[in-house]
Structures are given as structure tokens and as C-alpha cells.
**Q** 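The structure that follows is given in the form of C-alpha cells.
All residue numbers in this chain count up from 1 along the given sequence.
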Amino acid sequence: MATATVARHGLAHFMDLELIKNSIAAQPVSRRQSLHLFNHRYYYHKPCPVVASMNGCQGNSRDRVPIGSIETRTFPAVQSPALATATLNLAISELKANPPLFSSGILRLQVPIQEQIEAIDWLHCQHQILPRCYFSGRRQSKDFTEVTNGNGYQNYNNLISVAGVGSAVLFRNVHPFQYNDWKSIKRFLSASCPLIRAYGAIRFDARANISSEWEAFGSFYFIIPQVELDELDGCSMLATTIAWDNALSWTWEQAVDAVEATMTQISSNVKKLSKEVTRSFIIRNSHTPCKMHWDLAVERALQIISRSSSPLIKVVLARSSKIVIANDINPISWLAYLQVKGENAYQFCLQPPNAPAFIGNTPEQLYHRKFLGISSEAIAGTRARGGSMALDLQIQLDLLSSPKDHLEFTIVRENIRKKLEAVCDRIVVEPNKTIRKLPILQHLYARLAGELRSEDDEFNILSSLHPTPAVCGFPTEEARLLITESEVFDRGMYAGPVGWFGGGESEFAVGIRSALVEKGLGALIYAGTGIVKGSNPSLEWDELELKTSQFTKLLKLEDPSRQK
């Protein structure tokens with residue numbers, strides 16, 4: 001009886017694979033959603049060193065020739081990740097026999113799965129394939145994406161989160177993120193292929209020296225994943241992306257071989273990841289700066305702010321906390337726990353090869369663009385949530401009526417308004433000031449929206465909005481200089497833009513409430529607080545403790561053996 005059951009299962013699996021193979025073979029060689037053939041001006045590009053993928057920022061990117069072909073192919077929906085993986089492998093084999101005619105291009109192959117698989121569960125099962133990335137938008141957002149099931153019927157599914165491994169294209173450099181770098185990324189994107197996206201982050205201050213723990217990230221780090229799992233509302237989708245460019249010394253044959261190599265490492269056995277992190281004792285816990293040096297830095301900032309000759313109104317000072325625990329910290333497990341607590345917040349992970357993972361759970365949006373429409377948010381002022389409804393309301397009223405927090409918030413909101421007005425025709429601020437409540441914190445909040453005059457203005461928005469007064473201070477340059485003088489650690493991507501670029505849409509959060517986590521070495525947890533007239537060093541330290549508590553509460557305070 002058992003043998004017959006196994007035989008039926010094997011026959012059913014074989015028949016499914018045959019159906020997949022036939023459906024692939026029946027598809028035309030070229031089903032393009034978009035084809036880009038522009039003018040015939042060509043430019044010389046220096047070849048970049050290739051290991052597993054090309055660096056799309058190498059060479060002379062000024063007026064770079066557009067990509068020859070940008071395409072998405074969607075196959076019939078299947079029932080499981082294993083069948084989706086088989087579909088993609090067969091499709092890649094078919095492609096090897098029918099190479100494209102273009103010297104450059106990017107091709108996404110996607111297979112809907114009739115099961116909702118959490119992207120973070122899939123990522124956890126990929127056995128440390130690097131680089132890797134993860135991005136989850138706010139759970140209540142309506143980020144609708146059009147998906148075709150392969151039979152001509154279109155569904156609109158809420159895209160919840162994306163996990164990716166490998167890099168079809170890598171964008172990294174040590175120089176500050178510039179307009180040409182942005183154009184290099186946009187070159188591989190198209191509004192007609194909305195799920196081809198570049199995920200990554202930019203340093204808080206590209207002019208500061210890069211420390212060893214941040215070295216692999218460079219000044220900016222973006223990847224278009226080779227393989228990704230898109231978690232949708234009620235279903236999911238497995239996709240692979242092949243990108244090639246002869247001008248960057250990365251041919252079609254090399255790109256296909258690299259994708260095949262990554263696909264051999266992909267696990268289709270997705271297990272549910274526990275959202276509870278195994279508690280462990282803290283062996284070492286140190287802060288940079290320590291409490292004494294923090295107090296001195298805040299007092300010095302207050303003295304500068306109080307000078308009549310100083311234009312400085314606000315500066316955001318930060319702290320790096322080194323945590324070493326008795327066992328390894330798994331960054332994906334921590335991220336899964338943050339996701340449970342992450343209502344109304346973004347969760348992210350970015351990890352290059354041979355580097356720690358940068359993870360976070362941030363409430364702060366830098367901007368969201370959909371075609372010409374753009375929005376941003378002002379967040380400042382922090383209080384804990386109350387243990388009861390009455391206490392929570394009392395804390396809320398205290399935050400709303402606090403002159404110090406009102407000043408800090410007004411600086412942030414008006415600065416964002418001014419930056420948007422420079423590239424938008426009309427700005428709407430609604431609400432003007434309210435409370436945003438998170439599971440353990442609450443903040444003052446406002447939303448600003450406008451319409452860009454041109455999509456090229458997106459780079460101006462990104463470069464002008466960052467850094468916001470919420471993470472740097474005001475005026476920006478004076479605050480940045482004081483941060484450089486005061487802080488003795490490298491912020492890296494902490495408080496920098498983290499998110500994604502797409503063809504017709506982009507979204508970036510501010511990389512706060514974040515940590516750099518490396519297996520075997522523990523974690524660096526980052527937090528900052530705004531210093532304005534009326535700030536108290538001890539109260540600001542308490543705010544740092546509150547902001548880092550979402551990480552530290554996962555652990556015990558100290559190993560009992562060390563206490564003895």
C-alpha cells in the first residue's frame with residue numbers, strides 16, 4: 001500500500017514536470033513586455049573584474065547606451081516552490097539553446113505559486129547564499145502589483161515582502177552616490193517590468209572614512225537579485241533574473257552560467273521560521289560613547305546651539321552598542337522577530353559576501369515615488385507606549401504638548417517641505433502634526449505629498465532629502481560637521497537611505513532602529529537622538545536605551561557566571 005502511494009506521488013510529480021516542460025516549449029522565444037532600441041551612439045567602458053556578476057557602476061557611465069532588451073516572462077502558476085524551481089530550471093535550459101540577439105539586456109522569469117510563502121522563511125532556508133537582501137513594506141500599505149498567471153488572466157496582489165539572493169547586477173562603489181550612479185541603476189529598469197528592482201542602501205555620510213565592518217558595503221550597495229521570492233497576499237512568486245552586457249565584460253553565456261550555479265544552491269524545502277529568538281546571555285556589552293562621554297558630547301552640542309553666533313538649531317548624536325552573546329546571533333531570526341513587532345514599519349536586510357548583515361525595523365519613510373507622485377514623512381519626538389489605555393493617552397498628550405519635541409518636529413517637517421517644493425509644483429501636508437503609534441514607541445508625525453516635474457527629479461529628491469533633520473540635524477552641514485567631530489565610530493549605512501529603485505516606482509526608508517550582525521562576532525546596535533535647546537543628557541541617554549530595546553530585550557542582561 002505504501003509502495004503504491006509513493007509510486008502515485010512519483011507519477012504525479014513526473015506528469016507535473018511534463019506539463020511544465022510542454023508549457024515552456026509552447027511559449028514563443030520572445031514574449032517581450034518592452035523592447036528598448038535607442039540611438040546608435042556607443043561609448044567605451046572599462047571592463048570590470050567579474051567574480052559572479054557584473055558591477056553595473058563600472059566604466060564610463062555618462063550618457064551610457066541603454067540596455068538592448070528589458071523583459072519579463074511569466075509562466076503558469078504551480079502548487080509548490082519545488083515545481084516553481086523546476087519550471088525555472090527548464091526555462092533556463094531552453095534559453096541556453098536560444099540565446100538572445102542583443103549585446104545587453106535583462107530578463108526576469110517568474111512563476112506564481114498557489115501558496116503564500118513568507119519571504120523571510122524562504123530566505124532563511126537558502127543556506128547563507130550571498131549576497132542577500134530582504135525588504136518588507138509597511139503591512140497596511142497597498143503596494144499593488146500586477147501578476148499574470150500565464151493563462152491570460154490578471155490578478156492584483158498585494159506585494160508584502162521580497163527576499164533575494166545572488167546578484168544579477170551589482171552596483172557598488174567607494175565614491176559618494178552620484179547622478180551617474182543613479183542613471184546606471186535606472187538603465188536596467190523599466191516601468192513595464194515593475195518587479196525588476198535594485199535593492200540596497202547608501203551610507204549616512206559618504207565623506208566619512210569607511211571602517212572595516214562596513215568596508216564590503218562601500219559608499220553604496222545595490223543588487224538586482226539573481227533569485228528572489230516575492231510574498232504576495234494569498235500567494236507567492238519565485239523569480240530569477242538574468243542580466244548581461246558585453247560592454248561590461250559580462251556576456252549572455254556568463255550570465256546564464258552564473259544563474260544556473262545559484263539555482264543549484266536554492267532550497268525548495270521551505271520551513272516555517274520561529275518568530276521567537278532563543279534567549280542568550282550577554283557576555284560583553286559596551287557603548288561608544290560611554291555614558292560619561294555622551295554627557296560631555298551633549299553638553300558641548302547644547303553650548304554650540306545656545307551661542308548667538310551659531311546657526312545650529314539641532315544635531316542628532318548617535319551611539320553604537322557592541323553586544324557579544326554566548327551563542328551566535330542569526331540575523332534572519334532577529335529580523336523575523338522584528339517583523340512580528342514591525343506593524344507600521346519597514347524591515348530590511350542587506351548582506352554582501354564576506355560581510356555582516358545590516359538589518360533593521362524602521363518606522364521612518366524617506367520617500368515613496370510612483371511615476372511622478374511622491375510622498376515623504378516627518379517623524380520626530382519619542383515616547384514609550386503606556387501599559388494601559390489611560391497611561392498611553394497621558395503619554396501621548398505629553399508628547400503633543402512638549403515645546404522641546406514640537407521644536408524638533410517642526411524643524412524636520414519644514415525642512416522636508418522646503419526640499420519637496422524645489423522639485424514639485426504643489427505640496428500637501430496632511431496631517432500637520434499627529435501621533436504615530438508603534439508597538440513600543442510613539443512619535444510625532446506628518447505626511448507630505450507632491451508631484452515631481454520630471455522623473456529625473458527623483459535623484460534630486462534622494463540627494464536633498466537625505467540626511468533629514470531627524471537623523472542629522474539643522475542646518476544640515478553644520479550638524480554633519482559636529483557629528484564628524486563628536487562621534488568616534490562609523491555610522492556606515494545606519495541612518496542612511498535603504499530601499500529599492502524600480503522602473504516606475506521607488507521606495508526608501510531611513511535606516512534607523514538597525515544593527516550590524518555577524519555570526520560569531522555579535523552585533524553592533526545603533527541609535528540616535530535629537531539634541532535641541534532644552535535637551536537633557538540623561539534623558540537623551542534613556543531615549544537611546546528605549547530605541548535599542550527592541551534588540552536587547554531578546555537577550556538576558558548578563559551571564560550569571562560573570563556576575564560571580
**Q** Report the distance from atom OG1 of Thr548 to atom CD1 of Ile323, rounding to the nearest 0.5 Å.
**A** 7.5 Å
**Q** Using side chain to side chain contact (heavy atoms under 4.5 Å, CB included), reason through Leu350 and Val498 one step at a time and then give a plain yes or no.
**A** CA-CA 9 Å; Leu350 184 66; Val498 55; 5.8 Å; no
**Q** Could you tell me if the side chain of Gln365 sits less than 4.5 Å from the side chain of Glu507, heavy atoms only?
**A** yes
**Q** Under 3.5 Å, is there a donor-acceptor pair linking the side chains of Glu377 and Tyr445?
**A** yes
**Q** Is there side-chain contact between Glu118 and Leu273, with heavy atoms separated by less than 4.5 Å?
**A** no
**Q** Of the non-hydrogen atoms in Gly360 and Leu338, which two are nearest, and what is the gap between them?
**A** C-CD1, 4.3 Å
**Q** Can you tell me how far CG of Asn55 sits from CZ of Arg172, rounded to the nearest 0.5 angstrom?
**A** 8.0 Å
**Q** Without swapping roles, check the side chain of Arg369 against the backbone of Phe371 for a donor-acceptor pair under 3.5 Å.
**A** yes
**Q** Would you compute the distance between atom CZ of Phe222 and atom CH2 of Trp182 and round it to the nearest 0.5 angstrom?
**A** 12.0 Å
**Q** Tell me, which pairs form a salt bridge (Lys or Arg N to Asp or Glu O under 4.0 Å) where one or both residues lie in residues 248-258, sequence neighbours left out?
**A** Lys96-Asp257
**Q** So does Leu366 get a backbone contact from the side chain of Ser376, meaning a donor-acceptor N/O pair under 3.5 Å?
**A** yes
**Q** Is there a side-chain contact between Cys133 and Pro225 (heavy atoms, below 4.5 Å)?
**A** yes
**Q** Are the side chain of Gln116 and the backbone N or O of Gly234 linked by a donor-acceptor pair below 3.5 Å?
**A** yes
**Q** Let me confirm one number: the CD-OH distance from Gln351 to Tyr221, rounded to the nearest 0.5 Å.
**A** 9.5 Å
**Q** If you take all heavy atoms of Leu448 and Ala378, which pair is closest and at what distance?
**A** CD1-N, 4.2 Å
**Q** For the side chain of Gln126 and the backbone of Ser267, is there at least one donor-acceptor N/O pair under 3.5 Å apart?
**A** yes
**Q** Tell me whether Arg385 contacts the main-chain N or O of Leu438 through its side chain, where contact means a donor paired with an acceptor under 3.5 Å.
**A** yes
**Q** Do any N or O atoms from the side chain of Asp121 and from the backbone of Ile117 form a donor-acceptor pair under 3.5 angstrom?
**A** no
**Q** Please report the interatomic distance CG(Leu107) to CD1(Ile242), rounded to the nearest 0.5 Å.
**A** 5.0 Å
**Q** Specify the closest pair of heavy atoms between Gly68 and Ser104, including all atoms of both residues, with the distance to one decimal.
**A** N-OG, 3.0 Å
**Q** Between Leu195 and Gln110, is any pair of side-chain heavy atoms under 4.5 Å apart?
**A** yes
**Q** Does the side chain of Phe220 reach to within under 4.5 Å of the side chain of Asn173, using non-hydrogen atoms?
**A** yes
**Q** Calculate, to the nearest 0.5 Å, the distance between atoms NE2 and CD1 belonging to His443 and Ile379 respectively.
**A** 6.0 Å
**Q** Where is the tightest heavy-atom contact between Phe217 and Ala355, given as atom of each residue plus distance?
**A** CE1-CB, 4.4 Å
**Q** Could you tell me whether the side chain of Asp245 and the main chain of Ile67 form a donor-acceptor pair under 3.5 Å?
**A** no
**Q** Can you check whether Ile113 reaches Leu83 side chain to side chain, under 4.5 Å on heavy atoms?
**A** no
**Q** Is there a donor-acceptor contact under 3.5 Å from the side chain of Ser236 to the main chain of Glu115?
**A** yes
**Q** For a quick test of reading the model, state the closest non-hydrogen atom pair linking Ile440 to Ser549 and the distance between them.
**A** CD1-OG, 3.6 Å
**Q** With a 4.5 Å heavy-atom cut-off, do Asp392 and Gln442 have their side chains touching?
**A** yes
**Q** Decide side chain to side chain contact (heavy atoms under 4.5 Å, CB included) for Cys193 and Arg108; before the verdict, give the C-alpha distance in whole Å, the side-chain angles of both, and the deciding distance to 0.1 Å.
**A** CA-CA 8 Å; Cys193 298; Arg108 175 184 164 99; over 6 Å; no
**Q** Whether the Gln550 and Tyr337 side chains hold a donor-acceptor pair (N or O, under 3.5 Å, no angle test) is what I'd like checked.
**A** no
**Q** Would a distance-only check, ignoring hydrogens and angles, find a side-chain to backbone donor-acceptor pair under 3.5 Å from Thr362 to Val510?
**A** yes
**Q** Please determine, by modelled atom types, if Tyr199 and Glu228 share a side-chain donor-acceptor pair under 3.5 angstrom.
**A** no
**Q** With distance as the sole test, does Trp244 use its side chain to make a donor-acceptor pair with the main-chain N or O of Phe102 at under 3.5 Å?
**A** yes
**Q** For Tyr346 and Phe135, run ring pair (Phe, Tyr, Trp, His ring centres under 6.0 Å): C-alpha distance rounded to whole Å, both residues' side-chain angles, the deciding distance at 0.1 Å, then the answer.
**A** CA-CA 7 Å; Tyr346 299 91; Phe135 191 84; 5.8 Å; yes
**Q** Of all heavy-atom pairs between Ser184 and Gly56, which one has the smallest distance, and what is that distance?
**A** CB-O, 3.5 Å
**Q** Considering the options Phe501, Phe177, Phe348, which one meets the ring pair (Phe, Tyr, Trp, His ring centres under 6.0 Å) requirement together with Phe508?
**A** Phe501
**Q** Does the pair Val256 and Leu95 meet the rule for a side chain to side chain contact (heavy atoms under 4.5 Å, CB included), with working shown?
**A** CA-CA 8 Å; Val256 171; Leu95 285 168; 5.6 Å; no
**Q** Between Leu88 and Met263, is a side chain to side chain contact (heavy atoms under 4.5 Å, CB included) present by the stated rule, with each step listed?
**A** CA-CA 9 Å; Leu88 292 175; Met263 287 295 292; 3.9 Å; yes
**Q** With side chains defined as the heavy atoms from C-beta onward, is the minimum distance between Tyr494 and Ile512 less than 4.5 Å?
**A** yes
